[in-house]
Amino acid sequence: MNDRLIPLNLLPLGQFGRVRRLSAGGSKRRRLLDLGLIQGTQVEALCKSPSGDPTAYQIRGAVIALRSEEASCIMMEALKEE
Amino acid sequence: MGLTKQSTGHNALKEMFQVKSDSPYDFIVALAGNPNTGKSTVFNQLTGLNQHTGNWPGKTVTNAQGNFTYKDKKFILVDLPGTYSLFAGSAEEETARDFICFGKPSAVVVVADATCLERNLNLVLQIMEITDKVILCVNLMDEAKRKKINIDLSLLSRKLGVPVVGTSARSGQGLEKLRETIYKTAHGEIQPAPVKLEYSREIEKAIEELTYTIEAAAGISINSRWTALRLLDGDPAIQKSINDFLGFSLIENKEIVQKLNKARLMLKENNMNTDSVKDQLVYTIVRKAEELAEETVTFHNKDYNQMDRKIDNILTSKAFGFPIMLGLLGVIFWLTIQGANYPSEVLAGVFAFIERKLTDFFLSTGAPDWIYGILVQGMYKTLAWVVSVMLPPMTIFFPLFTLLEDLGYLPRVAFNLDNFFKRACAHGKQALTMCMGFGCNAAGVIACRIIDSPRERLIAIITNNFVPCNGRFPILITLSAIFIAGSGLFSSFFAVLVVLGVIVFGVLMTLFLSKLLSKTILKGMPSSFTLELPPYRKPQAGRIIIRSILDRTLFVLGRAVMVAAPAGLVIWIMANISIEGMSLLSRCASLLQPFGNAIGMDGYILMAFILGLPANEIVIPILIMSYMSTGVMMELDSLDALKNLLVNNGWTWLTAVNVMIFTLLHFPCGTTLLTIKKETQSKKWSLVSFLVPTVSGILVCFALTQIVRLAGLV
């Protein structure tokens, strides 16, 4: 794996990634952590809203929609295969 | 003796959660869980109460409570709002947390979704940190089985140290076992020993420092380990709740402050600040949940949710997302309008028959005219109209709408529309509260509790009225049917288009005004938001029909009837008491006439809206009566007759359009206003909620009327 991190909102649909760190603080961070988005968590980008945003992600067995503002705080390491 | 701190804290909270009982009870049991886990179904099955359930997150918007008796004991069951966590800070989460911490329930049943156990365990573990008396109810076992997900419940129970019961609440499976487990746990026959979450050495040391001091200061009324953790992670909201409960501020206690500073210093030496402590607390819980799920859950079909993803890819696709949404709404309205025609006619016929009989009866007894007028022409006719016009569409509309809810479609609507709400600086969940508004705006306003940012919640409350509720649909449907659709093959099709158009207009108004409010009196940026798209579920047809008829139709109709009869009475009196040769009604109407005319309506229409304040359902019957009392009496047995009546009173298509617009955009009904007052705790915001739609309605109608008249179109 290369070391280049991408924010979650740029993870292409259908691709997997692994959470490396969160660049948010405060209650936003808390909320993201509560979704289970801790370091090492695998996330799959599922589909985009027809209006372009938010995007639905598969996180720990649940499907969660995040706006690009939130997703951009989640720095991911892209994974090629599961 | 006096009151102890403990008892006052307890009582204050009891009041807050309104644990009420007309007879003595033995145990209070709290029901917690993530949204959308079938918590409400479990609640209903246990208590026999009909709390409405739907497949979208955040359904339990108020604390419901019910009771049940098992063996010789009576249990009060408190249904807490569904939450994913006890930390993230929405009003719902605070309520749930405070009740679990300070309500001292004899047991806490945490309902979890078997198809998504890992995510649910997060909350379970958080609750287990607060109280020992936890029972885990793994619900939706039937769904899990269908998806070939296997859960080793007894292993899970051993790992967690608390009793675990598997249920399929919809079919009632496992409920008996759950009752028994609650009974035994409350009794102390089962003593859960929750697994303790181990944090890093430094944090454990800091906890240890604090625990004893807290225990010394606060006694055993509060879990000292948990309190120590909350002091360490420095969440002011939780600390405030704790202080309120204890009756004194923990961080004003000298010894505690001393210990806390010492602990913080020690953590700092190990390169940990408040934020990293917070992170670690969450990490530990999430990791533990992951570990537990790995050990106890087996997926025999890795692609268990492929079907859901495929459906999502269609329902939320660029090409089909919006067309399907509008199409579904259109089909619902078409079925409602088309299907309601015949039963409405039959009902009207039955009511007309009864009216003739009543008339005969009054004639034969020789009762005075005014008694006959008040009872039959006033009260009975209004009532008959409301029932015959409202009952059939509601019995069709509500089950269909509930079906969409049960399937899990509504969160997808919010998902599709969110970007527009974001651009309007509003909250994505506003779309969900608007969906609730279709049923009843008061319910929609209460549903706004799922929005955690106060600013966005207010916006959602103020604009909820722009979604036509069930009391207003009949006005829209009737007017579009008689004035715009005309007659012929495609008439109901056009009527649907018009109603859809009105709804889209309402949504646009909502977005526009949300933006306007965000730029003026409620300045701010959209706050962060996450939305869960729950798995699609097979709806249960029979239950849906029964539930939606019982819960919604009868409720809404009952309210309308309660209001219709007295309103009929008032309006008849107003129409029949004359001052200097002119009825009171005509006098009021003529006062309003110039204003009504300017916005393309007339004085009677405005009177009808004003008198319809208690419930919008009665606007049309009031209007009919006003027109009839000024002209010749006639039988109103068809839509054509109604059209004639309206046209004879000067209605044009423009009047109809204006009335439809004003139906959408005017002050909320009395119930909704009271609800807004209660929810916002503010006269100012209630007034704003009154003015915003009313002023917009007047402006839109005025502009439209003047343009059309200038252009010479009417």
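Proteins get letters first, then strands, A, B, ... in listed order; numbering begins at 1 in each. Computed from a prediction, not measured in an experiment: that's the story for all the values here.
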| request: Let me see the working for Ile59(A) and Arg119(B) under side chain to side chain contact (heavy atoms under 4.5 Å, CB included), right down to the final yes or no. | output: CA-CA 9 Å; Ile59(A) 304 168; Arg119(B) 176 161 166 65; over 6 Å; no

Could you tell me which portion of [X] (side chain, backbone, both or neither) has an atom closer than 4.5 angstrom to a non-hydrogen atom of chain A?
{"X": "Asp275(B)", "result": "neither"}
{"X": "Asp233(B)", "result": "side chain"}
{"X": "Thr316(B)", "result": "both"}
{"X": "Phe299(B)", "result": "neither"}
{"X": "Asn416(B)", "result": "both"}

How close do [X] and [Y] get, counting heavy atoms only, and between which atoms?
{"X": "Ile64(A)", "Y": "Thr530(B)", "answer": "CG2-CB, 4.1 Å"}
{"X": "Arg423(B)", "Y": "Ser51(A)", "answer": "NH2-O, 4.3 Å"}
{"X": "Gly61(A)", "Y": "Cys116(B)", "answer": "O-SG, 3.7 Å"}
{"X": "Gly321(B)", "Y": "Pro50(A)", "answer": "CA-CG, 4.3 Å"}
{"X": "Leu33(A)", "Y": "Tyr283(B)", "answer": "CD2-CE1, 3.9 Å"}

| said: Which atoms of Gln58(A) are under 4.5 Å from chain B, going by heavy atoms: the side chain, the backbone, both sets, or neither? | reply: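 Contact with chain B: side chain only.
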
| query | Tell me, side chain or backbone of Thr55(A) under 4.5 Å from chain B's heavy atoms, or both, or neither? | reply |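 When you check distances to chain B, only backbone atoms of Thr55(A) fall under 4.5 Å.
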
| task | Tell me, out of Arg60(A), Arg67(A), Lys28(A), who's got the most heavy-atom pairs with chain B below 4.5 Å. | result |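 When all of Arg60(A), Arg67(A), Lys28(A) are compared, Arg67(A) has the most.
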
| Between Gly25(A), Gly36(A), Cys47(A), Pro54(A), which has the largest tally of heavy atom pairs under 4.5 Å with chain B? |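 The candidate making the most pairs under 4.5 Å is Pro54(A).
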
| task | Kindly determine whether Lys48(A) and Lys318(B) satisfy side chain to side chain contact (heavy atoms under 4.5 Å, CB included), including the steps that lead there. | result | CA-CA 8 Å; Lys48(A) 251 187 189 357; Lys318(B) 251 202 164 75; over 6 Å; no

From [atom1] ([X]) to [atom2] ([Y]), nearest 0.5 Å:
{"X": "Leu46(A)", "Y": "Asn313(B)", "atom1": "CG", "atom2": "CG", "result": "8.0 Å"}
{"X": "Arg412(B)", "Y": "Ser49(A)", "atom1": "CZ", "atom2": "OG", "result": "12.5 Å"}
{"X": "Glu532(B)", "Y": "Leu35(A)", "atom1": "CD", "atom2": "CG", "result": "9.0 Å"}

| query | Hey, is Arg29(A) close enough to Asp279(B) for a salt bridge, meaning N to O under 4.0 Å? | reply |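 Salt bridge present between Arg29(A) and Asp279(B).
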
| request: Sort out for me which residue in Leu123(B), Thr83(B), Asn122(B) forms a side chain to side chain contact (heavy atoms under 4.5 Å, CB included) with Asp34(A). | output: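 That would be Asn122(B).
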
| Got a sec, which residues hit side-chain hydrogen bond (donor to acceptor under 3.5 Å, both in side chains) with Asn273(B), two or more places apart in sequence or on another chain? |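 In terms of side-chain hydrogen bond (donor to acceptor under 3.5 Å, both in side chains), with neighbours along the sequence ignored, Asn273(B) is linked to Ser276(B).
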
| field | Residues forming a salt bridge (charged side-chain N to carboxylate O under 4.0 Å, His left out) with Arg21(A), sequence neighbours excluded | value |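 Applying salt bridge (charged side-chain N to carboxylate O under 4.0 Å, His left out) to Arg21(A) gives none.
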
